[in-house]
A.B. asks: 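Could you have a look at this structure, given as structure tokens, before my questions?
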Amino acid sequence: KKGIPQGEEITQVKLSYGRLVALLGTKEINFRMICYEMGRLSTLLGEASSPIHSKISSYEAKLFSNFVLRQANVFPLVITRDGEGFLKDKNLVDYLSFQQRRKQQQAESLSRAMKSYPDSSTWSQRSLQFGIASVVYNNMILDTTRVWMLAWEEAGGTVVDAPYFEKGKD
């Protein structure tokens, strides 16, 4: 299986996050480096939250990854509040720990689904694999945007004057 060994995931995310905060907080903006670090952090968060780096074989991980890529355009984006409390407290480590627990639960569900329906040609939008893939896809998007926003705020950025922001509303 590719990816960072599970014990190093949180450390790698924290390092990338720290570099991003430092880049965002400098007076001289280096957009190339900011974009690079945002992409790296996004990749690390995706690997850290993906159940394919857990309890399934590399063959099953490849089947599932290919399925996600084929179905990504039909997944609805669902914004949940899962884990949001950790970020309101600006606690990245607790959020990442929550993310790891969530990944283990999804990995167990995916492992059972793979054993029950191992033939990927039978997977459809009604399959358990589709449901798990949709949730994983959403989690990756939400994890990335939430952690990017946390980095932005930690670097001194604000969204108060953004055109969509209404004072007094979350």
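Index from 1, following the sequence. Everything numeric here is computed off the predicted structure, so don't read it as measured data.
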A.B. asks: Classify the side-chain pair Tyr137/Gln71 by whether it contains a donor and acceptor separated by less than 3.5 Å.
C.D. replies: no

A.B. asks: Looking at CD1 of Ile141 and CD1 of Ile79, how far apart are the two atoms once the value is rounded to the nearest 0.5 Å?
C.D. replies: 9.5 Å

A.B. asks: Charged N to carboxylate O below 4.0 Å: is that the case for Lys103 and Asp143?
C.D. replies: no

A.B. asks: Under a single-linkage definition using a 4.5 Å side-chain heavy-atom cutoff for Ile, Leu, Val, Met, Phe, Trp and Tyr, are Leu69 and Ile52 assigned to the same hydrophobic cluster?
C.D. replies: no

A.B. asks: For side-chain hydrogen bond (donor to acceptor under 3.5 Å, both in side chains), just list the numbers for Lys62 and Ser58, CA-CA rounded to whole Å, side-chain angles, deciding distance to a tenth of an Å, and then say yes or no.
C.D. replies: CA-CA 6 Å; Lys62 186 174 183 173; Ser58 56; over 6 Å; no

A.B. asks: If you define the side chain from C-beta out and look only at heavy atoms, does anything of Leu45 sit under 4.5 Å from Met140?
C.D. replies: no

A.B. asks: Is it the case that the side chain of Ser50 and the backbone of Gly46 share a donor-acceptor pair, with hydrogens and angles ignored and the cut-off at 3.5 Å?
C.D. replies: no

A.B. asks: Between Glu37 and Ser16, what is the shortest heavy-atom contact and its length?
C.D. replies: OE2-OG, 2.6 Å

A.B. asks: Are side-chain heavy atoms of Met114 and Gln129 found at a separation under 4.5 Å?
C.D. replies: yes

A.B. asks: Nearest 0.5 angstrom please: Leu41 CG to Thr43 OG1, how far?
C.D. replies: 9.0 Å

A.B. asks: Linking I/L/V/M/F/W/Y whenever any side-chain heavy atoms sit under 4.5 Å apart, do Met149 and Tyr17 land together?
C.D. replies: yes

A.B. asks: Quick one: does Val68's side chain get under 4.5 Å of Phe75's, heavy atoms only?
C.D. replies: yes

A.B. asks: Would you call the rings of Trp123 and Phe67 parallel, tilted or perpendicular, where under 30° means parallel and over 60° means perpendicular?
C.D. replies: perpendicular

A.B. asks: Which distance, rounded to the nearest 0.5 Å, do you find between the CG of Leu96 and the OG1 of Thr11?
C.D. replies: 10.0 Å

A.B. asks: Any heavy-atom pair between the side chains of Leu150 and Leu92 that's under 4.5 Å?
C.D. replies: yes

A.B. asks: With a 4.5 Å heavy-atom cut-off, do Phe31 and Ile29 have their side chains touching?
C.D. replies: yes

A.B. asks: Quick check: do Ile10 and Gln100 have side-chain heavy atoms less than 4.5 Å from each other?
C.D. replies: yes

A.B. asks: Is there a path of hydrophobic side-chain contacts, each under 4.5 Å between heavy atoms of I/L/V/M/F/W/Y residues, joining Leu15 to Trp152?
C.D. replies: no

A.B. asks: Taking a hydrophobic cluster as the set of Ile, Leu, Val, Met, Phe, Trp and Tyr residues connected by side-chain heavy atoms closer than 4.5 Å, whether directly or through intermediates, do Leu110 and Val135 fall within one such cluster?
C.D. replies: no

A.B. asks: Taking all atoms of both residues into account, what is the closest heavy-atom pair of Phe130 and Ser124, and its distance?
C.D. replies: CB-O, 3.1 Å

A.B. asks: Kindly indicate whether the side chain of Met38, heavy atoms from C-beta on, has any atom under 4.5 Å from the side chain of Thr144.
C.D. replies: no

A.B. asks: Would you say Arg40 and Arg19 make side-chain contact, with heavy atoms under 4.5 Å?
C.D. replies: yes

A.B. asks: Between Thr26 (side chain only) and Leu23 (backbone N and O only), is there a donor and an acceptor less than 3.5 Å apart?
C.D. replies: yes

A.B. asks: Within the side chain of Ser134, is there an N or O that forms a donor-acceptor pair under 3.5 Å with the backbone of Gly131?
C.D. replies: no

A.B. asks: Measure across Leu24 and Ala155 and return the closest heavy-atom pair with its distance rounded to 0.1 Å.
C.D. replies: CB-CB, 3.6 Å

A.B. asks: Just verifying a value: how many Å separate Gln12 CD and Lys14 NZ, rounded to the nearest 0.5 Å?
C.D. replies: 11.0 Å

A.B. asks: Going from CD on Gln99 to CD on Gln104, what distance comes out if it is rounded to the nearest 0.5 angstrom?
C.D. replies: 11.5 Å

A.B. asks: Under a 3.5 Å distance rule, please check whether Ser97 uses its side chain to pair with a backbone N or O of Val93 as donor and acceptor.
C.D. replies: yes

A.B. asks: Kindly give the heavy-atom pair with the smallest separation between Leu20 and Ala151, and that separation in Å.
C.D. replies: CD2-CB, 3.9 Å

A.B. asks: Which heavy atom of Ala113 sits nearest to which heavy atom of Ile132, and what is that distance?
C.D. replies: CB-CD1, 4.2 Å

A.B. asks: Nearest 0.5 Å please: distance from the CZ atom of Arg70 over to the OG atom of Ser120.
C.D. replies: 6.0 Å

